[in-house]
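Notes follow the structure.
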Amino acid sequence: MNIDSKCKILEGIAKCVPENASGEDEENLLANFLPLRSYHKLADQKNFLITGGRGSGKTELFRILTSCGGLNYILSEKDRNRYTRLKESEFLVGYLATGPGAKAFPTSNVCDDFLKKEKPENLTAFWGGLICSVILKRFKEENEITELADQYLGEETKNFLIKNSSEISKWWKALDSGKEKWESFLDQADTIFEKKEIYICLTYDELDRICGNYEELFGYIRSLLDFWYRHNSRFTNIKAKIFLRNDLYNAKALQFVDASKMGAYRLELNWNVSSLYRLLVKRMANTGIEEMEAYLKSVPDLLQPKTKGELGYLPNDSEDAFRSLVNKMIGQYMGKNAKRGMSYAWIPNHIQDANGEMAPRAFLKCFAFAAQEMVNCKNDLALLEKERILSPTRLQGAIAKVSTDRVQELTQEEYQWLQNLITRLNQKTMLMDIDEFLDYLHPENWTESERDKLPGKTNIEILEVLLTLGIVMKTADNRINFPEIYLHGFGLKRKGGIKRPK
């Protein structure tokens, strides 16, 4: 294979992750999307909570459901015959913090101010009001629904919920003082939907952005989960799918009366090594690059023989085929022999967090960053034999870049408080004695204004959050360590290891 062909393939791999650093490229949403086997559980009406780590594909799945025909691209033919009801559901946005759909919901500043006046236990009416609003907007031309709203909510409140749903002050008092009325409205609406065989599913994402205060955030999430825990089996044709980050679901601050029973209604988004490679192959196959297509088709049993419409090419499930592709791209080993690791396992092993979770976004970025470096340094490419296109050295360097990229995402968005910690840990060496590490976590190390956004009031509580997030781990001898996916981003060093390219 000549250098030009290799460069075209590498340029395609470099674009396997959208420039916005997420897996949710709107223009190629379906072409980028890989339906995992576990996704069929979304059609189970019992499951209303979907959890996953950062970069695990929650938002991509949310957008597939709400923008691309619900479960049409998620269920296999076998599953379509198995699930006869929810597969026909219309997925309506129940809450979203960003994008055009977010304007129907209160801003985080409004939600912050709201809890200065109201208690967290009163938030049931908050979510009830938004549910009524979503239903009223969708069925405002249906006389039965609007007449029902006039009867139970009153014309004025109905109009506020349709036209001013983001302004809590205009409808809150009516909903708070009339819980029986809006509950009855939802019950009766559900009965109407059942008779007309209308199935709707309220779908929630970006709940971590509903307010700015970490502690108050859990009041909103707790009340939403509690509402659907109590109503999911009550309603027959109104259901919910709530996307929530693992660290928030596992946080001690979230616990409520029925939290221990929530596992029965939960689907966790897990990625194993095989599913990560399936995603990479799908992204590569649907780049539209002829050389890429030929490169992949030369590996036996890698791709399904026909494209699946808008989903494009889909990979087979053969792990042997994935291994063959990796050996073709990189070589069997990350060095001259097995001492430095088998290439197939090396990348997944190095993007794991402290909880052993692997995010597809980080996995794809590792290949994308390495591919771009190979294009930038064609001398390296010329040294590779036969059909190899990626050098182990460039992949090792990509891990450090992925780490930096992942930590930057955290600090720029919901974990801005981490920047202070990163500055103080810079150039420190792991492993670290736990008492020394706890000294860095004292709230006094943050300014008074920053302390409100800390996820704990003591250094012990902050450590527990870092452990839950998978950013740090405790060793058997009670020392603190960082997995490589966070090590470089925090500016930390570790004795030994493979030398990275400069």
Side-chain angles (χ1 to χ4, degrees), residues 49-52 54 58-59 62 93-134 161 164-173 175-176 202-229 240-256 259 409-420 443 446-457 461-462 464-465 468-469:
L49 176 61
I50 302 97
T51 61
R54 184 179 181 84
K58 296 186 302 302
T59 294
F62 171 88
V93 177
Y95 177 81
L96 191 64
T98 60
K103 294 179 181 179
F105 307 103
T107 65
S108 61
N109 289 337
V110 169
C111 290
D112 282 336
D113 292 339
F114 181 66
L115 282 188
K116 292 177 182 178
K117 304 173 184 176
E118 302 294 338
K119 296 180 180 179
E121 52 265 30
N122 288 344
L123 289 173
T124 301
F126 169 86
W127 290 113
L130 291 182
I131 293 168
C132 292
S133 169
V134 171
L161 288 171
N164 307 96
S165 56
S166 63
E167 300 177 49
I168 308 176
S169 60
K170 292 191 174 180
W171 52 261
W172 165 252
K173 287 185 178 179
L175 272 291
D176 186 45
L202 281 292
T203 314
Y204 302 80
D205 193 27
E206 300 182 330
L207 291 168
D208 54 294
R209 300 187 180 189
I210 197 166
C211 67
N213 186 288
Y214 186 81
E215 289 184 5
E216 292 177 350
L217 171 67
F218 290 101
Y220 282 100
I221 297 175
R222 188 186 306 115
S223 61
L224 178 64
L225 294 180
D226 186 62
F227 177 89
W228 281 109
Y229 175 79
K241 299 296 176 188
I242 302 169
F243 290 87
L244 187 64
R245 284 204 325 259
N246 274 340
D247 61 289
L248 297 177
Y249 174 73
N250 293 321
K252 290 182 178 179
L254 184 61
Q255 299 308 303
F256 55 97
E409 285 182 9
L410 294 177
T411 56
Q412 288 172 0
E413 296 181 18
E414 62 268 31
Y415 301 112
Q416 296 178 13
W417 60 271
L418 279 174
Q419 188 58 59
N420 183 304
W446 281 265
T447 65
E448 189 172 346
S449 61
E450 291 174 328
R451 288 174 206 161
D452 286 340
K453 295 187 178 181
L454 288 176
K457 296 181 179 179
E461 290 179 354
I462 296 173
E464 287 177 353
V465 170
T468 300
L469 286 168

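Computed from a predicted model, the values in this text were never measured in an experiment.
- Here the OG1-CG distance, from Thr51 to Asn246, works out to 4.5 Å after rounding to the nearest 0.5 Å.
- Pairing each heavy atom of Leu115 with each of Glu216, the nearest pair is CD1-CB, 3.7 Å.
- Taking CG from Asn122 and CG from Leu175, the interatomic distance works out to 12.0 Å, rounded to the nearest 0.5 Å.
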**Prompt:** Does the side chain to side chain contact (heavy atoms under 4.5 Å, CB included) test come out yes or no for Thr203 and Leu96, once each step is laid out?
**Reply:** CA-CA 9 Å; Thr203 314; Leu96 191 64; over 6 Å; no

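- Residues Tyr220 and Leu207 form no side-chain contact, since every pair of their non-hydrogen atoms from C-beta on lies 4.5 Å or further apart.
- Atom CG of Asn213 sits about 9.5 Å away from atom NZ of Lys116, to the nearest 0.5 Å.
- Taking every heavy atom of both residues into account, Lys103 and Ser166 meet most closely at O-CB, 3.6 Å.
- Across all their heavy atoms, Phe126 and Phe114 have their closest contact at CD1-CE2, 4.4 Å.
- Although no hydrogens or angles enter the test, the distance criterion places a donor-acceptor pair under 3.5 Å between the side chain of Ser223 and the main chain of Gly219.
- In terms of heavy atoms, Cys111 sits closest to Ile210 at CB-O, 3.2 Å.
- Proximity of a side-chain donor or acceptor of Ser133 to a complementary backbone N or O of Leu161 within less than 3.5 Å is detected.
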**Stepwise side chain to side chain contact (heavy atoms under 4.5 Å, CB included) check, Glu409 with Arg54** = CA-CA 10 Å; Glu409 285 182 9; Arg54 184 179 181 84; 3.6 Å; yes

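- Between Trp417 and Tyr214, a ring centre-to-centre spacing not shorter than 6.0 Å is recorded.
- In this structure, Lys173 does not pair ionically with Asp176, as no charged nitrogen and carboxylate oxygen lie closer than 4.0 Å.
- Residues Phe227 and Leu123 form no side-chain contact, since every pair of their non-hydrogen atoms from C-beta on lies 4.5 Å or further apart.
- At a threshold of 4.5 Å between non-hydrogen side-chain atoms, the residues Glu215 and Lys457 count as touching.
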**Worked verdict on Thr98 versus Glu206 for side chain to side chain contact (heavy atoms under 4.5 Å, CB included)** = CA-CA 8 Å; Thr98 60; Glu206 300 182 330; 2.7 Å; yes

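- With respect to Glu448 and Arg451, no salt bridge is recorded, no charged nitrogen being found less than 4.0 Å from a carboxylate O.
- Counting only heavy atoms from C-beta outward, the side chains of Leu217 and Leu248 approach each other to under 4.5 Å.
- Residue Trp446 comes nearest to Asn420 through the heavy atom pair NE1-CB, 3.1 Å, listed as atom of the first residue, atom of the second, then distance.
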**Item:** Derivation of the side chain to side chain contact (heavy atoms under 4.5 Å, CB included) call for Asp205 and Tyr95
**Value:** CA-CA 6 Å; Asp205 193 27; Tyr95 177 81; over 6 Å; no

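- Tyr415 and Asp208 form no side-chain donor-acceptor contact under 3.5 Å, judged by distance and modelled atom types alone.
- Between Cys211 and Val110, every side-chain heavy-atom pair lies at or beyond the 4.5 Å cut-off.
- Using a 4.5 Å heavy-atom threshold, the side chains of Val465 and Ile462 count as separate.
- Separation of atoms CG (Leu202) and NZ (Lys241) is listed at 12.0 Å; rounding is to 0.5 Å.
- Of the inter-residue distances, the one linking Lys170 atom NZ with Ile168 atom CD1 reads 13.0 Å to the nearest 0.5 angstrom.
- Within the 4.5 Å cutoff, the side chain of Phe105 has heavy atoms near those of the Val93 side chain.
- Residues passing the salt bridge (Lys or Arg N to Asp or Glu O under 4.0 Å) test with Glu464 are Lys252, sequence neighbours excluded.
- Every residue meeting the side chain to side chain donor-acceptor pair (under 3.5 Å) condition with Tyr204, not counting sequence neighbours, appears here in chain and number order: Trp228.
- Atom CG of Leu254 is separated from atom CZ of Phe218 by 6.5 Å, given to the nearest 0.5 angstrom.
- Side-chain N or O atoms of Arg209 include none that pairs as donor or acceptor with a backbone N or O of Ala97 at under 3.5 Å.
- One N or O on the side chain of Glu450 and one on the backbone of Thr447 form a donor-acceptor pair closer than 3.5 Å.
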